[in-house]
Amino acid sequence: MARPRVHDLDRLLDTAERLVVEVGAQGITVRSLATAAGVPNGTIYHAFGSLGALLARVWSRAAGDFLDLQTELVDQAEDPVAAVVAAAGAPAAFADRRPEAARMLLTVKKEHLLGPQVPEDLAGDLLALDKRLVALLIRLAERLWDRRDAQAVEVLTTCVVDLPTALFRRAFTAGEPISEDSRARLAAAVRAVLLLPPRKDRNARPPR
């Protein structure tokens, strides 16, 4: 079989992303995905090795693009607090560009897409994405409090992960756009959390 063309693979990943949101990872088969993407079944096996590896690539691609945007927004912020607010609002900004990818990242558990068929190199890519997020949180903690310990990162995790998930999940689940009201409330909540500095623990180790 000839090597699949790049645009075929992009369409395949885009289609898989949409189906994950619509029917869930467990509802996708090789045949249904190939039919929806308009490619032969063999394209999936030839390009990715298995359906599981393809779905892992879908997650990796979306998470990487999201972190790229999140980092870009942080870099553009004028001050440390604004940088945290920007990082927290990144899911809404990502949804403006890639609505289905944003919905998948916020409403689908990563474990539902990742399984024993994930190739070793892709597993390494996924681990690298986790490390990128931690590195971003540490960077924000250093800018805010000149700290990089676990307590500081925990506070920023609340701001950047927990609050956006709580405020945006309903809209993402319903497939609705994130309202300006929700974005403003998130920004206000983040600023309120940052008013109380993280506690200090001399025995705490910095996150890796």
Side-chain angles (χ1 to χ4, degrees), residues 56 59-98 101-114 118 120 122-173 178-208:
W59 180 275
S60 175
R61 182 183 70 155
D65 291 346
F66 170 74
L67 282 171
D68 287 343
L69 175 60
Q70 191 172 50
T71 301
E72 178 186 335
L73 294 173
V74 168
D75 290 341
Q76 294 172 353
E78 297 180 354
D79 58 72
V81 172
V84 180
V85 171
F94 192 52
D96 292 337
R97 300 184 182 185
R98 298 264 303 279
R103 286 183 63 193
M104 180 184 69
L105 291 176
L106 203 68
T107 64
V108 177
K109 292 184 178 181
K110 181 170 61 174
E111 293 75 16
H112 290 174
L113 291 179
L114 309 182
V118 177
E120 185 176 346
L122 185 51
D125 291 343
L126 294 168
L127 179 60
L129 289 172
D130 291 339
K131 291 182 177 180
R132 279 185 62 188
L133 176 58
V134 173
L136 180 62
L137 295 174
I138 291 174
R139 175 185 165 194
L140 291 169
E142 290 177 330
R143 290 184 62 183
L144 277 166
W145 305 299
D146 194 24
R147 292 173 56 177
R148 53 184 293 120
D149 55 273
Q151 283 68 38
V153 172
E154 182 179 357
V155 171
L156 289 171
T157 300
T158 297
C159 293
V160 175
V161 179
D162 299 337
L163 287 175
T165 300
L167 289 173
F168 295 161
R169 179 181 291 276
R170 182 177 299 176
F172 276 126
T173 301
I178 306 300
S179 67
E180 291 301 324
D181 182 72
S182 293
R183 299 179 197 225
R185 291 181 184 278
L186 173 64
V190 169
R191 292 180 184 276
V193 169
L194 295 179
L195 289 175
L196 184 63
R199 63 185 177 84
K200 294 183 179 181
D201 186 346
R202 295 180 180 180
N203 297 322
R205 297 180 179 180
R208 296 179 179 179

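Here the structure is a predicted model, which is why all the values come from computation and not from measurement. We number each residue from 1, following the sequence as shown.
Taking the side chain as every heavy atom from C-beta outward, T157 and V153 approach each other to under 4.5 Å.
One finds the CG atom of L136 at 5.0 Å from the OG1 atom of T71 (value rounded to the nearest 0.5 Å). Atom CG of L186 is separated from atom CZ of R191 by 10.5 Å, given to the nearest 0.5 angstrom. Of the inter-residue distances, the one linking W145 atom CH2 with L156 atom CG reads 4.5 Å to the nearest 0.5 angstrom. If you take CD1 on I178 and CZ on R170, they are separated by 11.5 Å, rounding to the nearest 0.5 Å.
In the displayed structure, R169 atom CZ is contacted under 6.0 Å by more than 12 heavy atoms of other residues, nucleotides or ligands. Around the CD atom of E78, the shell of radius 6.0 Å holds no more than 12 heavy atoms that belong to other residues, nucleotides or ligands. Sparse packing is recorded around CG of D146, with 12 or fewer heavy atoms of other residues, nucleotides or ligands lying under 6.0 Å away.
In terms of heavy-atom proximity, A101 sits nearest to F94 at CB-CE2, 3.7 Å. Considering all non-hydrogen atoms of both residues, R143 and V74 come closest at NH1-O, 3.9 Å. Between A88 and V190, the shortest heavy-atom contact is CB-CG2, 3.7 Å. For F168 against P91, the heavy-atom pair with the smallest separation is CD1-CB, 4.1 Å. In terms of heavy atoms, L126 sits closest to S60 at CD2-CB, 3.8 Å. The two residues D65 and R98 come nearest to each other via the heavy atoms OD2-NH1, 2.7 Å.
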Between D162 and E154, does the side chain to side chain contact (heavy atoms under 4.5 Å, CB included) criterion hold? Intermediate values first, please. CA-CA 10 Å; D162 299 337; E154 182 179 357; over 6 Å; no
Go through the steps for R97 and D68 under the test salt bridge (Lys or Arg N to Asp or Glu O under 4.0 Å), then give the verdict. CA-CA 13 Å; R97 300 184 182 185; D68 287 343; over 6 Å; no
Test side chain to side chain contact (heavy atoms under 4.5 Å, CB included) applied to Q70 and L133, step by step: CA-CA 9 Å; Q70 191 172 50; L133 176 58; 4.1 Å; yes
Intermediate values then yes/no, side chain to side chain contact (heavy atoms under 4.5 Å, CB included), L129 and K110: CA-CA 12 Å; L129 289 172; K110 181 170 61 174; over 6 Å; no
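One N or O on the side chain of R147 and one on the backbone of P198 form a donor-acceptor pair closer than 3.5 Å.
Checked for salt-bridge contact, R61 and D125 miss the test: no charged N lies under 4.0 Å from a carboxylate O.
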